[in-house]
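Heads up: the structure comes next, in structure tokens.
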Amino acid sequence: MSTSISHDVGLAGRELTAAEETGLRRDALGFWGVFAQGLAAAAPSVAVASVPFMLFVAAGKGASWAVIVGLTITVLIAATISFQARRTVSSGSLGTYTGNGLGPGFAYAAGFSLLIGYIGFATTGTLGGVLYLDSFLQSIGLGSQDIWFKLILVAVIVALGTYLPYRGVSIAAKYELVFEVVAVASILVIIAASYVTYGFRIDWEQWDLGHLGNSATFIAAVSAVGSYAGFESVASLGAEARDAHRNIARSLLRVVLLLGVLYIIATYPQVLFFDGIDGDNAVLPQLADATGVSWVNYAVSAAVAVAFIVFVTAVTTAAARSLFTFAHEGALPRPLARVHPTYKTPWVGIALIGVLAFVFSTVATFSSAGRLVFEVYGGYVATWGFLISYLLVVIATPIWLYRIKALTPLRLAVSSAATIALGYVIFSNFYPVPEFPFNILPFIFGTFLLGGLAWYWYLKRTRPEVARRIGTIQTLSESEQQRLADEGILEVLGERPAGAEAAK
């Protein structure tokens, strides 16, 4: 097939820009590199170290059911996203996919919502890194309770978390995968000890079906979905992955299923020992003490501290590409679209995410709420960024598939189930009204989102041609382009403006 096809289609009359032509390094990652990005951004070691306690704070003994609800929803979301990833890829991730079905306004809303999530996770990842790095340093006699010491740790973690993405996505991916495996292996020692210490009996209270009728379980499910959040970051590598349409679609589901098994195995035994947990200190070392494996604390604290840094690295990688895509389309300041001449990375966006993570982490360090509790609340707000983006993309996907004559009953059923499940979780976080502060945290997220949407509305009024370009950086697979040509539905996407072929 002629490669000119990739330049001959547009999106509802808007000419597309190929993702590979934006200046990012091409063919930088194979399947394992793409998989590593999704795994590191979802950060299983980080999630196992912090999310079960978040779920316990919100839902008590219903935490394990919250994990299962979160897994079910996330599998449906991942499958729906993969329906688009097999056909088109972009550095704009879910924002671009949402725009395919719902238009540029919703593309901006989904992309900006995802940005809030990534920035929030960069902050909570930094705070978690401080907790575990401090725990490790204290275990070898080098820790300190002074604020200035905590600020130094914040600076170190942010610096490392931004340096790797700055140097290159392939380098970051290699470190991410290695450190995640090491961290998870060390954590599993504590998880196994939790099972053994409790004894070979079942805590039936955790598996009581009554938890599924309690709104607190679905409030916790927001954090449970958040524990998988980041898996979709593989979709931001559309300009940099080899065989992108295949490798991105494969990675989406495989990352989610692997995480789901791990979270179910890890949450149940941790909940057994949470009644005596100090909310201002790292959870896993306390759990190790309670289960008689204190000797592993050195390795776990060090490994999880590194894993938090890897987590910050991964979400910074994804966030910077969202900023880069918006800037390349003209919706954000042009400097954010700059690519490093040697490393081919969006270094200005990476630096901006690092600055924001440092500022918010500094505020949290001075907060009287306690760093771990601040991390719980911050993670909850950030997770809403992912929830809204996920909701928009699962609504948009079947609409787009219908327009391009690719919607099947199975794809419609999966997308509809994802929409209904996400909608129910969101509704359950408003009615019955949850306790403070969970009753106001969604509105804090909403305030951030409205601030971002105000900028889009300004663009639409003053620079409508820029507003229309949002969501146009993407590359349709050659097989999809040929299918569209064979179906005779190029008019659905829109054709290249007259005279463009001659100018080529």
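What you are looking at is a predicted structure, and each value in this text was computed from that prediction instead of being measured.
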pair [X]-[Y]: side-chain heavy atoms closer than 4.5 Å:
X: L127; Y: F360; answer: no
X: L356; Y: T123; answer: no
X: P346; Y: R338; answer: no
X: V130; Y: S361; answer: no
X: P104; Y: Y456; answer: yes
X: L323; Y: I350; answer: no
X: T419; Y: L391; answer: yes
X: V312; Y: V158; answer: no

Measuring from atom [atom1] of [X] to atom [atom2] of [Y], what distance do you get when rounded to the nearest 0.5 angstrom?
X: L336; Y: F324; atom1: CG; atom2: CZ; value: 10.5 Å
X: Q482; Y: S477; atom1: CD; atom2: OG; value: 10.5 Å
X: F445; Y: L450; atom1: CZ; atom2: CG; value: 9.0 Å
X: T397; Y: L412; atom1: OG1; atom2: CG; value: 11.5 Å
X: H328; Y: R469; atom1: NE2; atom2: CZ; value: 10.5 Å
X: L387; Y: L422; atom1: CG; atom2: CG; value: 6.5 Å

Test applied, side chain to side chain contact (heavy atoms under 4.5 Å, CB included); reference residue, S389; option that passes from I77, L94, V394: L94
Checking the side chain of [X] only, and the main-chain atoms of [Y] only, is there a donor and an acceptor separated by less than 3.5 Å?
X: Q474; Y: V89; answer: no
X: E329; Y: V466; answer: no
X: S113; Y: A110; answer: no
X: S251; Y: I248; answer: no
X: R86; Y: R246; answer: no
X: R87; Y: F83; answer: yes
X: W455; Y: A331; answer: yes
X: T74; Y: Y228; answer: no
X: R321; Y: T317; answer: yes

Pair Y108 and F326, ring centroids less than 6.0 Å apart: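 Yes: the rings meet the under 6.0 Å criterion.
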Are F231 and Y390 close enough that their ring centres sit under 6.0 Å apart? yes
Could you walk me through whether F386 and Y118 satisfy the ring pair (Phe, Tyr, Trp, His ring centres under 6.0 Å) test, starting with their C-alpha distance in whole Å, then the side-chain angles of each, then the deciding distance to 0.1 Å, before giving a yes or no? CA-CA 8 Å; F386 293 95; Y118 286 139; 5.4 Å; yes
Residue pair L262, V48: steps toward the side chain to side chain contact (heavy atoms under 4.5 Å, CB included) verdict: CA-CA 8 Å; L262 178 62; V48 171; 4.1 Å; yes
Minimal non-hydrogen separation, [X] against [Y], with atom names:
X: S90; Y: T96; result: OG-OG1, 3.1 Å
X: T162; Y: G354; result: CG2-CA, 3.5 Å
X: I157; Y: T126; result: CD1-O, 3.8 Å
X: A382; Y: G120; result: CB-CA, 3.7 Å
X: A79; Y: L253; result: N-CD2, 3.9 Å
X: G101; Y: I399; result: O-CG2, 3.4 Å

Under a 4.0 Å threshold between the charged nitrogen and the carboxylate oxygen, would R483 count as salt-bridged to E480? yes
May I have the list of side-chain donor-acceptor pairs in residues 304-311 shorter than 3.5 Å, sequence neighbours left out?
none

L453/F112 under side chain to side chain contact (heavy atoms under 4.5 Å, CB included): CA gap, chis, key distance, verdict: CA-CA 8 Å; L453 292 177; F112 192 84; 5.8 Å; no
Test log, rule side chain to side chain contact (heavy atoms under 4.5 Å, CB included), inputs R411 and T80: CA-CA 7 Å; R411 291 169 187 158; T80 302; over 6 Å; no
Restricting to ring pair (Phe, Tyr, Trp, His ring centres under 6.0 Å), what partner residues turn up for F443, sequence neighbours left out?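 F430.
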Please report the C-alpha distance between Y97 and T88 in whole Å, then the side-chain angles of each, then the deciding distance to 0.1 Å, and finally whether the side chain to side chain contact (heavy atoms under 4.5 Å, CB included) criterion is met. CA-CA 8 Å; Y97 289 163; T88 186; 3.8 Å; yes
If the plane angle is over 60° it's perpendicular, under 30° parallel, otherwise tilted; pick one for H340 and Y343. parallel
